[in-house]
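Below is one structure, written out as structure tokens; the observations come after it.
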Protein chains: 2
Amino acid sequence: MRLTEKKIVEVLRQSGYKITPQRRAILEVITHSQEHLTPSAILEKVNYIHPGIGLVTVYRTLEVLSNLGLICRMHTAEGCHSYKGALQEHHHHLTCTECGRVVEFTNCDLGELEERLSAQTGFNIESHLLEFLGRCRDCQKAVA
Amino acid sequence: MRLTEKKIVEVLRQSGYKITPQRRAILEVITHSQEHLTPSAILEKVNYIHPGIGLVTVYRTLEVLSNLGLICRMHTAEGCHSYKGALQEHHHHLTCTECGRVVEFTNCDLGELEERLSAQTGFNIESHLLEFLGRCRDCQKAVA
DNA sequence: GACCTAAATGAAAAAGTTTTTCACCTACCA
DNA sequence: TGGTAGGTGAAAAACTTTTTCATTTAGGTC
Ligand SMILES: [Zn+2]
Ligand SMILES: [Zn+2]
Ligand SMILES: [Zn+2]
Ligand SMILES: [Zn+2]
């Protein structure tokens, strides 16, 4: 079940955040939309409800909601760029969130899941994005 | 095996691209680095080898290399922002590259792969990113 | 080696996104 | 009904990415 506006407001209040008309407008847009929206797209929709709201407020609200896990932040195919020499084979990355070290792995085994999803949704799946995040051995030691 | 600078140059030439000193410098940086690098980070390193090279050239070269599949473009944890109301459960997305429609799924089954990677690399894996891209039923029809 | 041309480059400007700053405002609690 | 911590908007700053255009150059041809 998707979180309702009411539930989100409740969590915000419990976490000590104020419920402003701006935040309500942003919540209304997000909870009523099926698609993923960029901050500017959210602003555009919010302005129908609450003209004059600033993009800054959208950014700030999204950050709060995101930190509380109340909205989900998605990685768009374009937009975040970091590059590395390519392996010839299909592969993915395991990245250390502490030091940035990257390990590659080639056996992603997503075929079965992909088939299941394809059958369930009717999508013709063309590619996938997979990435693991964690802490490498050294960085684990460093903390201990 | 990672692609060597020599091999990349060969493919570039075969594809009709010119081999300029700027491109060589960029290739040298990318093929000799273990980490993922942002365009600015690449420029910084390139400038040791070839001072005066422009950031624009870096962007242009990365695009060419990326289109030819000679480098790999990675999604960084920050930087690409699109938001949606959250499901309460852990979930991922299947997105239509044509119309943007998004389907959520909750059974990602990555536990086994995660354990294997963890054992192999010593990483303490904290989270993962998974996303499928394809064409939805409607968009498949539209083409046919 | 000199010449030609399509492709590549660099500088500058434009466009777009995200963050910072700061004076003013307001939700919410006592 | 204050008081105050937290929130807002406008403007500016900081970045990233794209576009434009005049100039240069790699690589093929003679
Ligand atoms: Zn590390
Ligand atoms: Zn894979
Ligand atoms: Zn579609
Ligand atoms: Zn998952």
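This is a predicted model, so every value here is computed, not measured. Naming convention: chains lettered A, B, ... in sequence-line order (proteins, then strands); numbering from 1 in each chain.
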Quick one, A:Tyr48 with A:Val29, criterion side chain to side chain contact (heavy atoms under 4.5 Å, CB included). Give me CA distance, side-chain angles, the key distance, then yes/no. CA-CA 10 Å; A:Tyr48 286 117; A:Val29 165; over 6 Å; no
What is the distance from [atom1] of [X] to [atom2] of [N], rounded to the nearest Å?
X: B:Arg24; N: C:dA8; atom1: CZ; atom2: P; value: 15 Å
X: B:Glu44; N: D:dC15; atom1: CD; atom2: C1'; value: 15 Å
X: B:Leu12; N: D:dG27; atom1: CG; atom2: P; value: 10 Å
X: B:Leu43; N: C:dG10; atom1: CG; atom2: P; value: 10 Å

Plane angle bin for B:Phe105 and B:Phe132 - parallel if under 30°, tilted between 30 and 60°, otherwise perpendicular: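 Because their plane-to-plane angle lies in the 30° to 60° range, the rings of B:Phe132 and B:Phe105 count as tilted.
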Taking the nucleotide of DNA chain D with the nearest heavy atom to each, does A:Ile53 or A:Gly16 sit closer to the 5' end? A:Gly16
Non-neighbouring partners of A:Arg13 that pass salt bridge (charged side-chain N to carboxylate O under 4.0 Å, His left out), sequence neighbours left out: none
Using a 4.0 Å heavy-atom cut-off to protein, can you give one letter per nucleotide of nucleotides 19-30 of chain C, 5' to 3': B if the base is in contact, S if only the sugar-phosphate is, - if neither? BBB----BBS--
Shared ILVMFWY cluster between [X] and [Y], side chains joined below 4.5 angstrom?
X: B:Leu65; Y: B:Leu55; value: yes
X: A:Val56; Y: A:Tyr17; value: no
X: B:Val9; Y: B:Leu3; value: yes

